[in-house]
Amino acid sequence: MKLNLKENEILHGFRLLKQQAVPEIDAKAYEFVHEKSGARLFFLENDDDNKVFSITFRTPPADDTGVAHIVEHSVLCGSRKYPLKEPFVELVKGSLNTFLNAMTFPDKTMYPVASRNDKDFQNLMDVYLDAVFYPAMRETPEIFQQEGWHYEIESPEKPLVYSGVVYNEMKGALSAPDDVLENKIMAALYPDTTYGFESGGNPEAIPTLTQEDFVAFHSRYYHPSNSYIYLYGAMDLAEKLAYLDAEYLSAFERIEPNSAIERQNPLAGMAKIEEAYSIGAGESAEEKTLLALSWLMGEAVAAEELLALSVLQHALLQTEAAPLKKALMDAKIGKDVGASFEDAVLQPYMSIVVNGSEPERAETLLAVTEDTLRRLVEEGIDKTLLEASINLIEFKMREADFGTYPKGLVYNIKIMNSWLYDEDPALYLYYENLFKKMREGLESRYFEETLEKRLLDNTHRALVILKPSKTLAGERDKALAEELAAKKERLSPEEIERIIALNKRLKERQESPETPEALAKIPLLSLSDIRTEAERIPLEERSLAGCKVLFSDIFTNKIAYLNLYFDTQCVPQEKIPQLFLLSELMGAMDTKSHTYAEIANRMNLHTGGISYEAFAAARKGEPDSSMPLFRIRARAFQRNLPELFSLLGEILTETRFDDKKRLEELCGQCRAVMEMRVMSASQQAMAVRLASYLSPAGAYNEQAGLSFHRFIVDITDHFEERFASLSATLAELLPLVFRKDGLTFGLTLHAKAYALFEGEVEAFCRRLPQESAVPRTYHWKVEAKNEGLLSSSRVQYVGKAANFLRLGFSYTGSLSVLETILRYDYFWTKIRVQGGAYGAFTQFSRIGFMLFGSYRDPNLVETLDIFDHTADYLRDFDVSDREMVKFIIGTISSLDTPRTPQLKGLGAQDNFLRGITHEDRQRTRDEILATRQQGIRDLAPMIEACMKQNILCVFGNEDKLKENAALFGSLVHALGGSND
């Protein structure tokens, strides 16, 4: 239903303030205010059936207790209409949502949901609105204790400890050096405003938060007058406005929320902070310092200037042709130079981040940056470089490919960059004129003047030096233990008994089942609301120039998504580490015809990006199979296919590896990036290691995991003696890998444009080596090593796995339902709610791989015990038919997440290579829909057999793992050092 309103007209209590067309996203925007309550509402009307609703509150923290984050968790733990302990989880189990979560930002808290089903969408809206306005957390202190923090003690003689979901989540988050760095940058740049605090919460400060302050924060900020309601998609807005007014907003009177965010006054001089972060006792501290030089720049609502700064950041620091990055690398300040740009705050900031450095190099960072920026201002910035960065940023904006995130949600996040600060919410949806101004700026000194004003002459800057410490973790743990021991010493026996009683009451609440009456209050779809047919993704197998083409005829808005799959079975086993290194080097080295900087400019001018990845896939039902592949993913406007193929042909056949300086630089960069990645995605490092115990493909892929780290450490530590051999091996791999006879194309494009692709393939294939290569046989030592991966992390990532096909069991769609049940029932209750971990996950694959894992987990032995008792839980599995339907719907929801054209084509190609047919996918869907209680109970023997294999791997705290050394086959320092 199209709206027919004039500005200042009132509809269901909402006054229309402004309406405007937004051609960039093919939508019409409406801005309203609810007269009685003061709630703001913004509606983006278009034909997208993936509807989005969110309600956001401005929530500036005043300390490091993480109160905004804890409230975000807690409001979803029961409300007036939905008196359950975990309505959020019940929704996840039984909704067709395409997005369901909540997010804490430095100055706001967002509660977004999305669904393509009208009834489901309305249900999600109602549960979230009741949660934020009428949460049970206000009267139920156990919610704060569970989600925030509490003292935990089982008996008077046991030590006192802290626990809580957010407490443990932030212990994990602030174990990663990049998160610590961001925290310190903001503390330095914003010493006097809300942005100087850690909105997620600092574990040292979280236990100072009281129940009273927690409730007061909700009272102050969770009022309609401080809310920003957002609706997006194809819907009857009049119906939604009537509902919002009658059910929620009309019950509130307008107030002054006092949530305005203060601006940081200019700093008198550059702020400088020196802090430490923790590394493992077995790691080398050499060249592990992080340096960050940051500037506060402008206002969030200065859309044109912020886009210009984004272009400058990309051009100067993020492309291989970036002159400031090159100058810093040439000065050998660190192993890697990156950049970050935070524009979702009132006063945005930009940072240069140097990884793999030493503290004494900070002055060189300042001097080289100053000299390079001054030279660029005086001599001018390369116009081709700037144009290339403009083109790439514009491509991404026009493409609007946000992966599995709904478009409407991403637009919601964008509009908050102006709306939260009382400006036009549509400001960041328009970009046509902005890019026109960027291109006009190429004809003048626009970018040089912006650079001079916002970086060179900007005195509001900060230098953060983050140094590695082998002792920090031990010192911190010792101080915490002493603090808690002292607290306990001050407690009377009666106070200790009171804490024990509170723990008991919390556990009783956590362990008590929901009543059928409470569960029935959560609105639920029926199985008849679910589509029974699996989505058929188009894929046609064609042949062109003697190569296989996997073609998906999908409308892509004139963008070509091209994947090239090269068979790498011909690579000798001992050279697989060099193959993974090759994937990091492609496109970043000189070719015979162009420098790497020229290659980078061509890529940014004519494509939307090219990425390179080596991996091994396994075929459905064949756990011992392994298909080593090198995949190149590229995207470009279809008119630029000639340039894309020309560029690929040159990179794949002419790349040179004889530039010693450049190769050493890239190897060091690779090492530094990987070390950061391992600490920020530790659960992935654990899961990859576990997979290597169970299959040849897993063992192959682990060569890109922690094993690759050992390889790249050896290369960088002994580069002088390794260079000649490494350079020769890389040069040998190039024609061995990128051969015509090993190539399969994957193409996602509208059929009308297929001829554009067809016209380029013949010439491209002629450039590739035509010789066949001999496939190699690999001999992997596939065995359960049961490693404890030692690190400085303050929490654990616990994994246990097996292969059920090898144990005589079969893959069935019921395993997908079991994933939902375990993740959101048994594991959620035992590992998250009762154990205090941030979460747990499960995986069952068509090659028989089964994985149980926990995430940011304070426990170890207890979690393994929970995994081991999963079969007991399944044998006793007994839920109502209504609850069973909920689990089925939640499972289908994860299958039916809307996918972009690029992801559809990629998924179709992946299924083809793994031998997964549409009939297989339909059978799985049928099995999911047919799953019943007995079918889940019937899985108990399989899970029990898997757990009895006792195949485990844990990434975690060094002391914790050493205390439990008997569990492991060996203890290994995750990031180097001698093994224990």
Side-chain angles (χ1 to χ4, degrees), residues 66 69-70 72-77 85-95 97 99-104 111-112 143 145-150 162-176 179 200-201 203 206 404 510 679-688 690 793-801 816 818-844 850-867 869-870 873 887 890-891 893-894 897 952-957 960:
H69 188 189
I70 297 169
E72 175 234 297
H73 277 239
S74 301
V75 300
L76 298 172
C77 293
K85 292 178 293 180
E86 302 273 4
F88 170 77
V89 178
E90 299 306 321
L91 282 176
V92 174
K93 289 178 190 173
S95 160
N97 73 84
F99 189 89
L100 181 71
N101 214 327
M103 298 171 282
T104 303
Y111 296 88
I143 293 174
Q145 293 161 21
Q146 173 183 293
E147 298 298 320
W149 77 275
H150 64 275
Y162 292 130
S163 191
V165 173
V166 169
Y167 177 77
N168 289 316
E169 177 189 349
M170 295 310 296
K171 279 175 73 176
L174 294 178
S175 292
D179 284 332
I206 288 172
T404 57
Q510 291 169 338
M679 290 307 297
S680 61
S682 307
Q683 77 283 1
Q684 186 177 345
M686 174 271 289
V688 168
L690 260 176
S793 174
R794 301 176 72 183
V795 288
Q796 280 63 248
Y797 302 83
V798 183
K800 200 160 185 190
S816 295
L818 180 57
E819 284 185 15
T820 305
I821 292 170
L822 294 181
R823 185 174 182 183
Y824 293 112
D825 192 79
Y826 179 60
F827 287 171
W828 183 278
T829 302
K830 294 291 185 182
I831 295 174
R832 179 182 165 112
V833 173
Q834 295 174 20
Y838 186 52
F841 54 93
T842 64
Q843 181 185 340
F844 298 95
M850 184 229 76
L851 169 66
F852 291 165
S854 70
Y855 185 73
R856 292 180 181 169
D857 189 347
N859 302 309
L860 197 171
V861 175
E862 299 85 349
T863 299
L864 289 170
D865 187 61
I866 289 164
F867 291 160
H869 282 86
T870 304
Y873 163 81
F887 287 126
T891 304
S893 172
S894 63
T897 301
L952 60 93
C953 181
V954 180
F955 185 108
N957 178 266
K960 184 86 167 180

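- For CD of Gln843, the number of neighbouring non-hydrogen atoms (other residues, nucleotides, ligands) closer than 6.0 Å is greater than 12.
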> Please walk me through it: do Thr891 and Ser816 pass side chain to side chain donor-acceptor pair (under 3.5 Å)?
Replying inline: CA-CA 7 Å; Thr891 304; Ser816 295; over 6 Å; no
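- When all heavy atoms of Glu90 and Lys93 are compared, the closest pair comes out as OE2-NZ, 3.1 Å.
- Atom OH of Tyr838 and atom CE of Met170 lie 10.0 Å apart (nearest 0.5 Å).
- For the atom pair CZ of Phe841 and CG of Leu851, the computed distance is 5.0 Å after rounding to the nearest 0.5 Å.
- Going from atom CE of Met686 over to atom CG of Leu952 covers 10.5 Å, rounded to the nearest 0.5 Å.
- Looking at Ser893, its side chain does come within 3.5 Å of a backbone N or O of Asn97 through a donor-acceptor pair.
- Within the model, atoms CG of Leu822 and OH of Tyr873 stand 6.5 Å from one another, a figure rounded to the nearest 0.5 Å.
- Between Phe852 and Phe867, the two ring planes are tilted [angle within 30° to 60°].
- Closest approach of Pro112 and Ala102 over heavy atoms only: CD-CA, 4.2 Å.
- Residues passing the side chain to side chain donor-acceptor pair (under 3.5 Å) test with Lys171, sequence neighbours excluded: none.
- Residues Val92 and Arg823 have side chains not in contact (no heavy-atom distance under 4.5 Å, counting atoms from C-beta outward).
- Within the 4.5 Å cutoff, side-chain heavy atoms of Ile866 are placed close to those of Phe827.
- Heavy-atom minimum distance, Met679 versus Ala176: O-CB, 3.8 Å.
- A distance of 8.5 Å separates CE in Met850 from NZ in Lys800, rounded to the nearest 0.5 Å.
- Between Tyr111 and Met103 there is no side-chain heavy-atom pair separated by less than 4.5 Å.
- In this structure a side-chain-to-backbone donor-acceptor pair under 3.5 Å is missing from Asn957 to Val795.
- Pairing each heavy atom of Phe844 with each of Glu819, the nearest pair is N-OE2, 2.9 Å.
- Every residue was checked against the side chain to side chain donor-acceptor pair (under 3.5 Å) condition with Thr829, not counting sequence neighbours, and none meets it.
- Side-chain contact between Asn168 and Ser163: present, with at least one pair of heavy atoms (C-beta onward) separated by less than 4.5 Å.
- The residues Glu147 and Arg832 are annotated as salt-bridged, a charged nitrogen and a carboxylate oxygen being separated by less than 4.0 angstrom.
- Here the side chain of Glu72 pairs a donor or acceptor atom with the backbone of Thr104 at under 3.5 angstrom.
- Two residues are said to be in side-chain contact when any heavy atoms from C-beta on lie closer than 4.5 Å; Tyr167 and Ile70 fail this criterion.
- Using the six-membered ring where Trp is involved, Trp828 and Tyr824 have ring planes that are tilted, between 30° and 60° apart.
- Distance check: His69 NE2 to His73 NE2 gives 3.0 Å after rounding to the nearest 0.5 Å.
- Contact record, Gly839 with Ile831: O-CG2, 4.1 Å, taken as the closest heavy-atom pair.
- Between the Ser854 side chain and the Val798 main chain, a donor and an acceptor come within less than 3.5 Å of each other.
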> Going through the distances and angles, do Cys77 and Glu86 end up as a side-chain contact (heavy atoms from CB on, under 4.5 Å)?
Replying inline: CA-CA 5 Å; Cys77 293; Glu86 302 273 4; 4.2 Å; yes
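- Scanning all heavy atoms of the two residues, the minimum distance from Pro858 to Gly835 falls at CG-O, 3.3 Å.
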